[in-house]
Protein chains: 2
Amino acid sequence: MRRDVFQAIADPTRRAIIGLIALQAMTPNALAEHFDMSRQAVSKHLRILTECELVKPEQQGREIYYLLEMEKMKEVDQWLEPFRKIWVARFDELDGVLDRMKKKNKG
Amino acid sequence: MRRDVFQAIADPTRRAIIGLIALQAMTPNALAEHFDMSRQAVSKHLRILTECELVKPEQQGREIYYLLEMEKMKEVDQWLEPFRKIWVARFDELDGVLDRMKKKNKG
DNA sequence: TAATTTAGCAACCAAATGGTTTCCTAAATT
DNA sequence: AATTTAGGAAACCATTTGGTTGCTAAATTA
């Protein structure tokens with residue numbers, strides 16, 4: 001099976017989990033309360049997130065807190081980077097067009 | 001089935017397709033030459049990308065050029081935004097720490 | 001007009017997903 | 001010592017994925 005960030009964020013439940021633990025580390029039980037599914041289903045998502053290294057389990061007594069590995073999130077950002085450049089370039093282009101239009105109207 | 005940007009970019013072949021057509025619109029056959037799989041397999045990925053509205057087919061004679069819908073890519077960027085804020089905040093925090101260290105060494 | 005090229009569509013298949021339920025172990029509580 | 005609680009592991013299931021091959025239709029070329 002594929003185990004990378006893109007696989008990790010493909011599922012909406014997993015994106016929601018990421019959103020929740022970004023605010024604060026949480027246990028599987030606490031997380032499960034936010035979803036309409038069994039604790040085990042959430043645990044499975046946590047396992048995938050752990051395998052993708054987007055999340056790190058930290059034992060605390062009999063509880064396990066899952067924390068977000070922010071570094072891994074940057075991989076998505078990095079993949080996006082060249083595309084962001086393209087749309088910024090297009091915006092600048094449009095900017096130039098608008099500029100020329102203004103000048104034309106003035107003159 | 002789920003049909004959103006995150007599903008679209010989950011597959012490495014699809015990410016590669018996106019990368020290729022970001023440079024220039026391409027036909028399924030032209031795309032297939034870049035991969036070690038059948039033209040039909042690539043076409044299936046194009047269908048998913050089209051359903052996710054990340055790509056737009058444009059008929060030209062008997063050829064169909066697929067172009068990237070850059071706007072849709074921004075949805076990933078938008079989802080990332082709050083997380084980016086967090087890691088920027090952490091960097092600033094670290095910055096503050098380094099600053100205080102410097103001052104301590106000076107004094 | 002006949003042959004070729006482009007590309008979508010359908011059927012098929014093995015493997016992966018996303019969920020369930022049941023079971024087990026280890027800590028914490030009584 | 002017995003019980004409750006937290007949470008992982010396994011078995012199971014339906015659906016989806018990602019690939020294959022074979023077909024057809026339309027446009028192009030000879």
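Not measured: the values here are computed from a predicted model. In what follows, chains are A, B, ... by sequence order, proteins preceding strands, each numbered from 1.
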(message) When you group the ILVMFWY residues by side-chain heavy-atom contacts below 4.5 Å and let the links chain together, are A/Ile18 and A/Tyr65 in the same group?
(response) no
(request) Indicate, with yes or no, if A/Trp79 and A/Val88 share a hydrophobic cluster defined by side-chain heavy-atom contacts under 4.5 Å among Ile, Leu, Val, Met, Phe, Trp and Tyr. (result) yes
(request) Considering only NZ, NE, NH1 and NH2 on the basic side and carboxylate oxygens on the acidic side, decide whether B/Lys72 and B/Asp4 come within less than 4.0 Å. (result) no
(request) Kindly say if B/Thr27 contacts the phosphate of C/dT6, meaning a side-chain N or O under 4.0 Å from OP1 or OP2. (result) no
(request) Can you check whether any acceptor in the base of D/dG7 is under 3.5 Å from a donor in the side chain of A/Gln59, or vice versa? (result) no
(request) Figure out the CZ/C1' separation between A/Phe35 and C/dG18, and round it to whole Å. (result) 14 Å
(message) What is the separation between atom CG on B/Asn29 and atom P on C/dT4, rounded to the nearest whole Å?
(response) 17 Å
(message) Strictly below 4.0 Å: does A/Ser43 bring a side-chain N or O up to OP1 or OP2 of D/dG8?
(response) yes
(message) With a 4.0 Å cutoff (strictly under), does any side-chain N or O of A/Tyr65 reach OP1 or OP2 of D/dA6?
(response) no
(message) In whole Å, I'd like the distance from the CD atom of A/Gln60 to the C1' atom of D/dG7.
(response) 15 Å
(message) Against A/His45, only a single residue in A/Thr50, A/Asp11, A/Val55, A/Leu31 fulfils side chain to side chain contact (heavy atoms under 4.5 Å, CB included); can you say which?
(response) A/Asp11
(request) For C/dC23, give its Watson-Crick or G-U wobble partner with both distances under 3.5 Å, or none. (result) D/dG8
(message) For A/Asp77, is there any backbone N or O sitting under 3.5 Å from a side-chain donor or acceptor partner on B/Arg84?
(response) no
(request) Determine: side-chain N/O of B/Arg39 to OP1/OP2 of C/dT5, distance under 4.0 Å, yes or no. (result) no
(request) Would you kindly compare A/Arg14 and A/Gly61 by the position of their nearest DNA chain C nucleotide and give the one closer to the 5′ end? (result) A/Arg14
(request) Between D/dT16, C/dA7, D/dT20, spot the one nearest the side chain of B/Pro28, thanks. (result) C/dA7
(message) Would you say B/His45 places a side-chain N or O within less than 4.0 Å of OP1 or OP2 belonging to D/dT17?
(response) no
(request) Among the candidates D/dT20, C/dA7, C/dG18, find the nucleotide nearest to the side-chain atoms of B/Lys44. (result) D/dT20
(request) Return the value, rounded to whole Å, for the distance between atom CD of A/Glu58 and atom P of D/dA6. (result) 19 Å
(request) Report the residue (B/Met1 or B/Gln40) whose heavy-atom-nearest nucleotide on DNA chain D is the more 5′ of the two. (result) B/Met1
(request) Would you kindly give the CZ-to-C1' distance between A/Arg62 and C/dT29, to the nearest whole Å? (result) 7 Å
(message) When you measure from the side-chain N and O atoms of A/Gln7 to the phosphate of C/dA16, is any distance below 4.0 Å, counting only OP1 and OP2?
(response) no
(message) Check this one for me: any side-chain N or O of B/Arg47 less than 4.0 Å away from OP1 or OP2 of D/dG18?
(response) no
(message) Whether B/Tyr66 contacts C/dG8 is assessed here as follows: a side-chain N or O lying under 4.0 Å from the phosphate OP1 or OP2. Is that the case?
(response) yes
(request) Please report, rounded to the nearest Å, how far the P atom of C/dA16 is from the CG atom of B/Asp11. (result) 14 Å
(request) Round to a whole Å and report the spacing from CZ of B/Arg2 to P of D/dG18. (result) 11 Å
(message) Among C/dT17, D/dG7, C/dG19, which nucleotide has an atom closest to any side-chain atom of A/Thr13?
(response) C/dG19
(message) Assigning hydrophobic clusters by single linkage (Ile, Leu, Val, Met, Phe, Trp, Tyr; side-chain heavy-atom cutoff under 4.5 Å), is B/Val76 placed with A/Leu49?
(response) yes
(request) Return the value, rounded to whole Å, for the distance between atom CE of A/Met37 and atom P of C/dG18. (result) 10 Å
